[in-house]
Amino acid sequence: MIEFIRQPWPWYVAGPLIGLTVPLLLIIGNKRLGVSSSLRHICAACAPVKIPFFQYEWKKEAWNLFFVGGIFAGGFIAATFLMNGQPMKVNPNIVSQFSAYGIHDLHSSVPSELFNWHQLLTARGLIMMVGGGFMVGFGTRYAGGCTSGHSIMGISNLQMPSLIATICFMAGGFLMSNLLLPFILKL
Amino acid sequence: MNHTPAEMETEIETNTDFEVSSLDEICINDSVLHHPWWFNLKYLFAGILFGIILVKSEVISWFRIQEMFHLASFHMYGVIGSAIVTGMISVFLIKKFNIKTIYGEKIEFHPKKLNKGQIYGGLIFGFGWALTGACPGPLFAQIGTGAFVVIVTLLSAVLGTWVFGLLREKLPR
């Protein structure tokens, strides 16, 4: 059993499990799955200043902060106890394409050649980590949700705005990954 | 705008501004029940399960995200697609059989209203997703797996959210 768990989980196991988070959260407390709101609660808790968007009782939404705290802990548990130490099996074309930029690490969730403290001092690292993070935070709040809140919860509830948001997530990703990323990686 | 709990409740009842609500997703689905803080621990456990699944399915992997955006693997599409189908069936069943929460409350859903934010914001998030290899959930999970430099990415995402809050009135909606 533990050997089975330590292998990477196929999509038809992981996908339905992620989907079951939707009814789980609804049934244990009428909460709708969504992660990006946590970033807003952090703003509301730490630096609301006088911005109306952050003037609300964030403590009422504290469940969301417990949830993301759990995601962090789950990441730690999975990485510490539930991995088999094998490199990820990535499409060879993709591997060779990124090898050309010196990115080879298939053991970590983020390739260590790109995501490390020294890279923060380079244009490439700044754009990818600081710029990318900024766009994730700004974009998800502007869109009113992220992959969990829109793509999974929203579409599950048959919301057209969530479908449109998801199409735009994908369109933005395709543009960045195919057209812009090669230039950024050369920096 | 510091409300007492009583004022908040009135506001919840009278809140019909669903455009703001759909953007905000705040205070529109409030439980009238008041629980001590440790009731929130159940969401911590739900988060732990969610985090383990995110790691084991490799959806927090930067390489898997690049594969997805290069149409080089079915994996991510399979995960997201089957998650949506499972969620859809669950929501359908909850509505059809009027399933209640464990506290006996009615489970509520709220419509989202279309605005330009889903398009502009969606594209901006897509750019960030392809760069960082992470949406907000995976950011937390990546840090948990020991990629501590992602803390910088997460703080930058908090800053991005804050700047959105600052500029919100000036942005097209």
Side-chain angles (χ1 to χ4, degrees), chain A residues 9 11 14-19 22-23 26 30 35-36 39 42-43 51 53 55 63 66-68 70-76 78-79 90-91 94 109-110 128-130 132-144 146-147 152 155-156 159 161 164-165 168-169 172-174 176-177, chain B residues 1 23 40 43-44 47-48 51-53 55-57 60-63 67 69 72-73 78-79 82-84 86-88 90-91 101 107 112 114 117-119 121-132 135-137 140-142 144-145 147 149 153 156-158 160-162 164-165 168:
Chain A
W9 297 356
W11 64 264
L17 287 175
I18 291 174
V22 169
L26 288 170
N30 226 344
V35 175
S36 62
L39 304 174
I42 294 170
C43 291
I51 302 171
F53 192 61
Q55 304 296 324
W63 78 272
F66 280 84
F67 186 68
V68 298
I71 296 177
F72 166 79
F76 172 77
V90 175
N91 182 317
I94 298 292
S109 54
V110 287
M128 296 199 59
M129 286 180 269
V130 179
F134 188 92
M135 287 191 273
V136 168
F138 188 95
T140 51
R141 204 69 269 123
Y142 196 178
C146 59
T147 333
I152 297 175
I155 297 180
S156 290
Q159 296 298 304
I164 290 170
C168 292
F169 299 164
F174 273 99
M176 178 56 76
S177 181
Chain B
M1 285 228 324
L23 259 184
N40 279 326
Y43 303 111
L44 181 78
I48 289 174
I52 290 174
I53 303 163
V55 173
K56 289 308 302 177
S57 59
I60 67 161
S61 155
W62 187 87
F63 268 105
E67 270 185 343
F69 289 134
S73 164
V79 171
S82 60
I84 291 172
T86 310
M88 225 178 239
S90 307
V91 169
T101 70
I107 291 177
K112 292 178 191 280
L114 189 63
Q118 282 124 17
I119 297 170
L123 287 170
I124 295 170
F125 165 51
F127 296 153
W129 192 8
L131 282 177
T132 61
C135 19
F140 291 96
Q142 285 176 348
T145 64
V149 72
T153 311
S156 190
V158 173
T161 302
W162 190 85
F164 169 74
R168 182 172 167 232

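Order of the sequence lines sets the chain letters (A, B, ...), proteins ahead of strands, with each chain counted from 1.
A distance of 7.5 Å separates CG in L44(B) from CZ in F66(A), rounded to the nearest 0.5 Å. With rounding to the nearest 0.5 angstrom, the CD1 atom of I152(A) is 6.5 Å from the CD1 atom of I84(B). If you take OH on Y142(A) and CG on L123(B), they are separated by 10.5 Å, rounding to the nearest 0.5 Å. Rounded to the nearest 0.5 angstrom, Y43(B) OH and W63(A) CH2 are separated by 7.0 Å. Between atom CZ of residue F138(A) and atom CH2 of residue W162(B) there is a gap of 12.5 Å, rounded to the nearest 0.5 Å. Between the OG atom in S82(B) and the CH2 atom in W11(A) there is a gap of 5.5 Å [rounded to 0.5 Å].
Residues passing the side-chain hydrogen bond (donor to acceptor under 3.5 Å, both in side chains) test with S61(B): none are found, sequence neighbours excluded. In this structure, T132(B) has no side-chain hydrogen bond (donor to acceptor under 3.5 Å, both in side chains) partners at least two apart in sequence or on a different chain.
Chain B forms the most heavy-atom pairs under 4.5 Å with one residue out of V35(A), I71(A), V130(A), I94(A), and that residue is I71(A). Counting heavy-atom pairs closer than 4.5 Å to chain B, the top residue among I42(A), L17(A), V136(A), V110(A) is V136(A). Taking chain A as the reference chain and counting heavy-atom pairs below 4.5 Å, the highest number among V55(B), T161(B), V158(B) is found for T161(B). The residue among S36(A), C43(A), A79(A) with the most heavy atom pairs within less than 4.5 Å of chain B is C43(A). Of the residues considered (I155(A), V22(A), N91(A)), N91(A) shows the highest number of contacts with chain B, using heavy-atom pairs under 4.5 Å. In terms of non-hydrogen atom pairs under 4.5 Å with chain A, the most contact-rich of S57(B), G128(B), G122(B), A72(B) is G122(B).
For the pair W9(A)/I52(B), a side-chain contact is recorded, criterion being any heavy-atom separation below 4.5 Å from C-beta on.
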Report task. Could you walk me through whether F164(B) and F53(A) pass ring-ring contact (aromatic ring centres under 6.0 Å, His included), step by step? Result -> CA-CA 9 Å; F164(B) 169 74; F53(A) 192 61; 5.4 Å; yes
Requested in this report: For L114(B) and I164(A), run side-chain contact (heavy atoms from CB on, under 4.5 Å): C-alpha distance rounded to whole Å, both residues' side-chain angles, the deciding distance at 0.1 Å, then the answer.
Outcome: CA-CA 9 Å; L114(B) 189 63; I164(A) 290 170; 3.5 Å; yes
Requested in this report: For the pair F69(B) and F174(A), evaluate ring-ring contact (aromatic ring centres under 6.0 Å, His included) and give the outcome as yes or no after the intermediate values.
Outcome: CA-CA 5 Å; F69(B) 289 134; F174(A) 273 99; 5.5 Å; yes
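Panel note: side chain S156(B), backbone G133(A); no donor-acceptor pair is recorded below 3.5 Å.
A ring-centre distance under 6.0 Å is found for F125(B) and F169(A).
Heavy-atom distances place the side chain of V91(B), and not its backbone, under 4.5 Å from chain A.
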